[in-house]
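The figures that follow rest on heavy atoms only: side chains count, while hydrogens, waters and symmetry mates do not.
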Amino acid sequence: MTLEEIHGQEPAPAGHDWMQGAGKALHELLVSAQRRGCLTAGVYESAKLMNVDPDNVAFCVLATDEEDEGDIALQIHFTLIQAFCCENDIDIVRVNDVAKLAAIVGPSEEPGEPRDLHCILITNPDEDGWKDPALEKLNSFCEESRNINDWVPTITLPE
């Protein structure tokens, strides 16, 4: 039994606007991280990075589409990543639209290979003092979500 099953899911405060603001902040964060070279995409690549340098990970995004819901191996990976993030105080969200995510972060660097966007990590850049307002908004969103027992909130990306 999970914590969510014990306490139940409560609706998000402030409704749609709260969720829309988080989606916009996530979009801004992904664009900024991509530009700065602070974005790691892929379940395997993310697991490798978290194993080597967990203190450098600032935020985690897990993404699925409807066809991924039946992928047991992917769900097991997600469970392990979520546990790792919780243990290391890394905020984490879910996105249910891999196509929108792909439109934001772009195609794979390797031609012919589809980019694995099921897990995306945002890392801290080498620059000292980098404060991204979008990351701060998302950290607040995650904290508010945890206050209503939503430990891995789902965010809808803007059109």
Side-chain angles (χ1 to χ4, degrees), residues 2-5 8-50 57-86 88 90-123 132-159:
T2 66
L3 192 58
E4 289 91 352
E5 291 170 338
Q9 295 286 342
E10 297 176 31
H16 185 67
D17 292 340
W18 188 58
M19 196 60 78
Q20 209 170 21
K24 186 177 179 198
L26 180 58
H27 183 275
E28 291 170 9
L29 178 63
L30 291 169
V31 169
S32 174
Q34 179 85 348
R35 206 174 330 111
R36 293 178 178 273
C38 302
L39 189 140
T40 301
V43 172
Y44 178 72
E45 292 80 4
S46 296
K48 230 174 20 176
L49 176 66
M50 286 190 289
V57 177
F59 199 77
C60 179
V61 179
L62 298 178
T64 58
D65 279 329
E66 285 184 26
E67 66 260 9
D68 295 325
E69 293 301 322
D71 187 343
I72 300 301
L74 184 61
Q75 297 308 318
I76 291 170
H77 286 294
F78 280 5
T79 300
L80 294 172
I81 290 169
Q82 288 174 24
F84 186 88
C85 288
C86 288
N88 289 281
I90 299 167
D91 286 326
I92 183 170
V93 296
R94 280 188 177 254
V95 172
N96 289 331
D97 195 336
V98 178
K100 280 186 188 176
L101 210 49
I104 295 169
V105 300
S108 174
E109 292 84 32
E110 300 172 26
E113 283 292 315
R115 191 167 191 182
D116 176 11
L117 297 175
H118 290 107
C119 182
I120 296 177
L121 297 181
I122 309 298
T123 56
D132 191 313
L135 179 59
E136 291 175 13
K137 281 182 190 175
L138 285 167
N139 290 141
S140 295
F141 172 80
C142 288
E143 185 176 332
E144 290 176 32
S145 294
R146 284 190 298 273
N147 288 338
I148 59 166
N149 295 320
D150 187 3
W151 298 98
V152 183
T154 300
I155 291 181
T156 303
L157 291 167
E159 294 300 321

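Counting heavy atoms from C-beta outward, Glu28 and Asp132 have side chains that stay 4.5 Å or more apart. Between Cys86 and Trp151, every side-chain heavy-atom pair lies at or beyond the 4.5 Å cut-off. The shortest distance between side-chain heavy atoms of Gln75 and Phe78 falls below 4.5 Å. In this structure, the side chains of Ile92 and Cys142 stay at 4.5 Å or more apart for every pair of heavy atoms.
For Glu45 (side chain) and Thr40 (main-chain N/O), no donor-acceptor pair under 3.5 Å exists by modelled atom type. No donor-acceptor pair closer than 3.5 Å links the side chain of Asn96 to the backbone N or O of Thr154.
Lys100 is linked by a salt bridge (charged side-chain N to carboxylate O under 4.0 Å, His left out) to Glu159, counting only residues two or more places apart in sequence or in another chain. Looking at residues two or more places apart in sequence or on another chain, you find no side-chain hydrogen bond (donor to acceptor under 3.5 Å, both in side chains) involving Asp97. For Asn88, there are no side-chain hydrogen bond (donor to acceptor under 3.5 Å, both in side chains) partners two or more places apart in sequence or in a different chain. Listed by chain and number, the residues in a salt bridge (charged side-chain N to carboxylate O under 4.0 Å, His left out) with Arg94 amount to none (sequence neighbours excluded). Every residue two or more places apart in sequence or in another chain was checked for a side-chain hydrogen bond (donor to acceptor under 3.5 Å, both in side chains) with Asp65, and none qualifies. Scanning for side-chain contact (heavy atoms from CB on, under 4.5 Å) contacts around Ala41 gives Leu39, Arg115, Leu117, Ile120, with sequence neighbours left out.
Across all their heavy atoms, Gly42 and Ser46 have their closest contact at O-OG, 2.7 Å. Taking both residues in full, the closest heavy atoms of Cys119 and Ile81 are given as SG-CD1, 3.9 Å, listed atom of the first, atom of the second, then distance. For the pair Asn139 and Phe59, the tightest heavy-atom approach, listed with the atom from each and the gap, is ND2-CD1, 4.1 Å.
Note that the CG atom of Leu26 and the CG atom of Leu101 stand 7.0 Å from one another [nearest 0.5 Å]. Note that the CD1 atom of Ile155 and the OG atom of Ser145 stand 7.5 Å from one another [nearest 0.5 Å]. The line from CD of Glu69 to CG of Leu74 is 8.5 Å long, rounded to the nearest 0.5 Å. The CG atom of Leu135 sits 8.0 Å away from the CG atom of Asp91 when rounded to the nearest 0.5 Å. Put simply, CD on Gln34 and CD1 on Ile122 are 8.5 Å apart, with the number rounded to the nearest 0.5 Å. With rounding to the nearest 0.5 Å, the separation of NE2 in His118 from CG in Asp68 is 3.5 Å.
Other residues, nucleotides and ligands contribute more than 12 heavy atoms inside 6.0 Å of the CD atom of Glu67.
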